[in-house]
Amino acid sequence: METDEEWMRVALAEADAADAEGEVPVGCVLVGGDGRELARAHNLREVLADPTAHAEMLAIRLASERLRTWRLEGATLYVTLEPCVMCAGALVHARIERLVYGCDDAKGGAVESLFTVGRDPRLNHRFAVTAGVEASECASRLSAFFSRLRALGKK
């Protein structure tokens, strides 16, 4: 695969897997600088009863384990929803080169919506950001998920 849209479709498939497990449908894929997939993951907070089990965190952990390094320099992370503070911080710490995300998160996004973690010059690492890739597809999955929850009287 070569385009941001193609990789985002992989992340969307992961979001669908999260939805099938009753998780908030967020998925991601981490791609190395050579264009090869390093890891993919989706939200598992409910399944694992772990507040840190966001798609991004799980993919970063898996890629680091596979590569035997915490430095993921040159990598691009594709994720369906703008990362939160925790995940944006993990991108900084992992030395991710680039973030590509689908839809904004007005209530929790830490890359553009509420904060600009990846571009803050006070940090020791910054990453490039491309926003809005397949945004309507990403947002529609989240909207449908939360509509179903509201119809069931949850959240």
Side-chain angles (χ1 to χ4, degrees), residues 1-21 23-45 50-67 69-146:
M1 284 182 262
E2 296 182 10
T3 69
D4 289 346
E5 290 77 15
E6 289 172 310
W7 284 115
M8 189 60 74
R9 284 192 281 280
V10 174
L12 283 162
E14 284 295 314
D16 292 340
D19 193 8
E21 294 185 55
E23 296 281 351
V24 175
V26 176
C28 76
V29 60
L30 189 55
V31 179
D34 60 0
R36 291 183 315 145
E37 181 179 321
L38 301 175
R40 64 175 71 184
H42 56 270
N43 276 7
L44 288 174
R45 290 187 314 168
D50 179 353
T52 70
H54 289 197
E56 303 95 319
M57 299 296 288
L58 297 171
I60 289 169
R61 287 178 189 146
L62 182 56
S64 294
E65 184 179 311
R66 286 177 176 165
L67 297 173
T69 182
W70 59 268
R71 293 179 180 270
L72 301 176
E73 295 163 333
T76 298
L77 187 125
Y78 295 86
V79 64
T80 57
L81 180 65
E82 178 183 3
C84 69
V85 173
M86 173 183 67
C87 294
L91 294 174
V92 170
H93 290 296
R95 309 298 195 263
I96 300 293
E97 182 174 313
R98 182 172 173 244
L99 166 69
V100 178
Y101 73 87
C103 58
D104 294 333
D105 183 353
K107 294 182 180 179
V111 176
E112 293 193 0
S113 295
L114 299 177
F115 306 101
T116 55
V117 171
R119 293 189 299 256
D120 191 320
R122 296 170 295 178
L123 297 172
N124 65 332
H125 176 77
R126 286 167 291 289
F127 51 84
V129 177
T130 301
V133 175
E134 301 288 343
S136 62
E137 283 292 318
C138 297
S140 68
R141 281 164 169 79
L142 290 161
S143 294
F145 177 82
F146 287 111

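These numbers come from a predicted model, not from an experiment.
Applying the salt bridge (charged side-chain N to carboxylate O under 4.0 Å, His left out) rule to Arg119 yields the partners Glu112; only residues at least two apart in sequence or on another chain are considered. Residues forming a salt bridge (charged side-chain N to carboxylate O under 4.0 Å, His left out) with Glu134 (at least two apart in sequence, or on another chain): Arg9. Contacts of Asp50 classified as salt bridge (charged side-chain N to carboxylate O under 4.0 Å, His left out), with partners at least two apart in sequence or in another chain: none. With sequence neighbours excluded, no residue forms a salt bridge (charged side-chain N to carboxylate O under 4.0 Å, His left out) with Glu97. By the side-chain contact (heavy atoms from CB on, under 4.5 Å) test, Ser136 pairs with no residue at all, sequence neighbours left out.
Side chain of Glu82 to main chain of Ser113: a donor-acceptor pair is present (N/O by atom type, distance under 3.5 Å, no hydrogens or angles). Formation of a donor-acceptor pair under 3.5 Å by the Asn43 side chain with backbone atoms of Pro25 is not found in this model.
Contact of the Tyr101 side chain with the Thr80 side chain is not registered, since no non-hydrogen atoms from C-beta on lie closer than 4.5 Å.
A donor-acceptor contact closer than 3.5 angstrom links the side chains of Thr3 and Glu6.
Within the structure, side chain to side chain donor-acceptor pair (under 3.5 Å) contacts touching residues 56-67 (residues at least two apart or in different chains) are Thr52-Arg61.
Between Asp16 and Arg141 there is a salt bridge, since a side-chain N of the basic residue sits under 4.0 Å from a carboxylate O of the acidic one.
Summarising the geometry of Asn124 relative to Arg95, their closest heavy-atom pair is ND2-NH2, 3.3 Å, with the distance given to 0.1 Å. When all heavy atoms of Ala135 and Cys103 are compared, the closest pair comes out as O-CB, 3.8 Å.
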